[in-house]
Colleague: 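My structure is below; once you've seen it, I'll send some questions.
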Number of protein chains: 2
Amino acid sequence: MAEILVNMRYDGPERTIAERAYRLLREDIISGALAPGLKLKIEMLRSRYGLGAAPIREALARLSSDHLVKLEGQRGCEVVPMSVKDARDIGDMRKLLEVEALRISIGKGNDEWENALAAAFHRLERLERTIDQGIDDLAEWETLNHRFHKALVAACDSEWLLRMRQLMFDQHERYRRLSRVKTVATRDISLEHRALFEAALDRNAEKAVTVMETHIGRTTDAVVNTFARRELAE
Amino acid sequence: MAEILVNMRYDGPERTIAERAYRLLREDIISGALAPGLKLKIEMLRSRYGLGAAPIREALARLSSDHLVKLEGQRGCEVVPMSVKDARDIGDMRKLLEVEALRISIGKGNDEWENALAAAFHRLERLERTIDQGIDDLAEWETLNHRFHKALVAACDSEWLLRMRQLMFDQHERYRRLSRVKTVATRDISLEHRALFEAALDRNAEKAVTVMETHIGRTTDAVVNTFARRELAE
DNA sequence: GAGAAAGAAAATATCGATATTTTTGTTGAC
DNA sequence: GTCAACAAAAATATCGATATTTTCTTTCTC
């Protein structure tokens, strides 16, 4: 139980079944368990999650505004398809927003921010030193990576910027998961994280921004390459 | 009937009652007919729109992802509150996104784009020359203003950038409506629109960006001023 | 055989009723 | 008078059933 909580991205208590349905569907779409383009039939989801139809419909409605499912009136839903073009677009948008948020955050961060950032960095680094394990570690890596990036921009005071950054981070994650094994293996992300961390603590915004741009750009390139190859293979 | 269609922002046919509920609620929240912070009780909405509970719940779920209603499990919904801080934040975000989209659009726009832009500009200008009428004209002005701004960025090829720009434009509109009378009366928006239009056709991206930044910045300032005064008066 | 029309099957969208939870209001103890 | 416990009322969330729409299959015509 404790183990589950560590890997979960806790978002407050779930008071309703609809919220549960929303979280489950969201995770399964982002992780790829529900394939892009898949038709989401209510009956299928009902039996998959053991929930009623009403909460599932509500969750699908919310996910459609998140642009994770396409909702077509009277014709049901499907998981939003993926494409190379979309991967680039999302990567570029994430770069634009995360860089802006980082710049602001470095300008405004206080001691508390530094401490939380250091904690997040060291937990991530510890894991990255022993990265040659199986799929379980990679799921945990995503979580810690997520927390580190979030800690970097945490001092940004624009709620909308953070909200949109999060949206693009999650969309990007959906693509990252497809090529994650390759990505983790072939480049030294840990080094980039360290550079980000140090530039942030030095309050060197321009340096941090440059590193971040490279960092996100490389991830996007890796994703696009893997994805293009996959599209070709079909 | 034709008149209605002109002023409406047509978004494809409404195949379901839920879609209708979504549009109606959305319009009423953005226009201010449903006040910020208002508790949205299902029964109240049921009688207001003459629709069943299920479609309304679905619409509320979608609106919560659009950040127009706050959905709190087991405790119902309310119209997302407004604040001076939020007004600034939204204005700044809109500036960031719209400027980026404009830069790309000017770089990629072709003849078709120029034509559509010119059409949108002239329709807006014609209306702005006779702006001293009542509330009906102001509603139409919002529509034409909307179309002009959309036409400016239409050649941008990033779907995500356009999507987020639209989101912020709509959020901004909710604030604009509060201070609209003042805004339209006190500064010469028409002149700014002309400058935008001409810079865009000249493919002078830097000039257009500068004008756009001023344009959005002024709107935001006006909104913040009116809103701050209103908050104080309470 | 190709294509249109009709009918059957499946899936979606919606309603009405019910179970749960929160909120409100009242009473009684201190 | 204040607070806590309890009861009543209101509101939300969910279920099961139904109506509507789409999709698939079959049949019939040319």
Side-chain angles (χ1 to χ4, degrees), chain A residues 8 10-29 33-81, chain B residues 8 10-29 33-81:
Chain A
M8 228 166 57
Y10 194 63
D11 253 330
E14 273 164 19
R15 309 182 75 93
T16 67
I17 301 180
E19 278 165 13
R20 199 173 136 74
Y22 176 70
R23 178 179 57 81
L24 289 170
L25 270 163
R26 192 165 202 288
E27 284 174 1
D28 280 351
I29 291 172
L34 294 170
L38 180 70
K39 190 91 201 299
L40 292 173
K41 303 211 179 104
I42 301 286
E43 192 46 47
M44 178 267 236
L45 298 175
R46 247 183 62 78
S47 64
R48 179 185 177 104
Y49 300 113
L51 305 173
I56 287 177
R57 282 190 67 80
E58 196 172 316
L60 290 170
R62 287 175 67 177
L63 289 166
S64 82
S65 274
D66 292 342
H67 214 262
L68 284 170
V69 318
K70 199 171 89 185
L71 193 57
E72 220 169 339
Q74 218 61 282
R75 229 165 291 177
C77 320
E78 64 175 54
V79 179
V80 167
Chain B
M8 229 164 59
Y10 193 65
D11 254 328
E14 272 164 20
R15 309 183 75 93
T16 67
I17 299 179
E19 280 166 12
R20 198 172 135 74
Y22 176 70
R23 178 179 58 82
L24 290 170
L25 271 163
R26 192 165 203 287
E27 284 174 2
D28 280 350
I29 291 172
L34 295 170
L38 180 70
K39 190 90 202 299
L40 292 172
K41 302 208 181 108
I42 300 287
E43 191 47 48
M44 177 269 235
L45 298 174
R46 247 182 63 77
S47 63
R48 179 184 176 104
Y49 300 114
L51 304 173
I56 287 177
R57 281 191 67 79
E58 195 172 316
L60 290 171
R62 288 175 66 176
L63 289 165
S64 82
S65 274
D66 291 343
H67 214 262
L68 284 171
V69 318
K70 199 171 89 184
L71 193 57
E72 220 170 337
Q74 219 61 281
R75 228 164 292 177
C77 320
E78 64 175 54
V79 179
V80 168

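Letters A, B, ... are given to chains in the order of the sequence lines, protein chains preceding strands, and every chain is numbered from 1.
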Colleague: Enter the distance from B/Ile42:CD1 to B/Ser47:OG here, rounded to the nearest 0.5 Å.
Modeller: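 Output value for this atom pair is 11.5 Å.
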
Colleague: For A/Arg62, run the side-chain contact (heavy atoms from CB on, under 4.5 Å) check against B/Leu71, B/Leu60, B/Asp66 and tell me which one passes.
Modeller: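 For A/Arg62, the side-chain contact (heavy atoms from CB on, under 4.5 Å) test succeeds with only one of B/Leu71, B/Leu60, B/Asp66, which is B/Leu71.
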
Colleague: Assign B/Leu51 to base, sugar-phosphate, or nothing according to its heavy-atom contacts below 4.0 angstrom with the strands shown.
Modeller: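 Answer is nothing: B/Leu51 stays at 4.0 Å or more from every strand.
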
Colleague: Return the OH to CD distance between A/Tyr22 and A/Glu14, rounded to the nearest 0.5 Å.
Modeller: 11.5 Å

Colleague: From the options A/Val79, A/Val80, A/Val69, select the one residue that forms a side-chain contact (heavy atoms from CB on, under 4.5 Å) with A/Leu63.
Modeller: A/Val69

Colleague: Identify whether any heavy atom of B/Leu60 sits under 4.0 Å from a base atom; if not, whether one sits that close to sugar-phosphate; answer base, sugar-phosphate or nothing.
Modeller: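 Nothing: the residue B/Leu60, judged by heavy atoms under 4.0 Å, touches no strand.
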
Colleague: Are A/Glu19 and A/Arg23 close enough for a salt bridge, meaning some N to O gap below 4.0 Å?
Modeller: no

Colleague: Considering only heavy atoms of chain B and a distance under 4.0 Å, specify the first and last nucleotide of DNA chain C in 5' to 3' order that meet this criterion.
Modeller: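 Here the contact window of chain B covers C/dA13 to C/dT23.
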
Colleague: In terms of the nearest nucleotide of DNA chain C, which residue is placed more toward the 5' end: A/Leu40 or B/Gly50?
Modeller: A/Leu40

Colleague: For B/Leu45, run the side-chain contact (heavy atoms from CB on, under 4.5 Å) check against B/Asp28, B/Leu51, B/Leu25, B/Leu24 and tell me which one passes.
Modeller: B/Leu25

Colleague: Let me know, please, whether B/Arg15 or A/Glu58 comes out on the 5' side of the other along DNA chain D by nearest nucleotide.
Modeller: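 Taking each residue's closest nucleotide, the earlier one in sequence belongs to A/Glu58.
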
Colleague: Reading DNA chain D from 5' onward, which residue's closest nucleotide shows up sooner: A/Ile17 or A/Arg75?
Modeller: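 Here A/Ile17 is the residue nearer the 5' end.
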
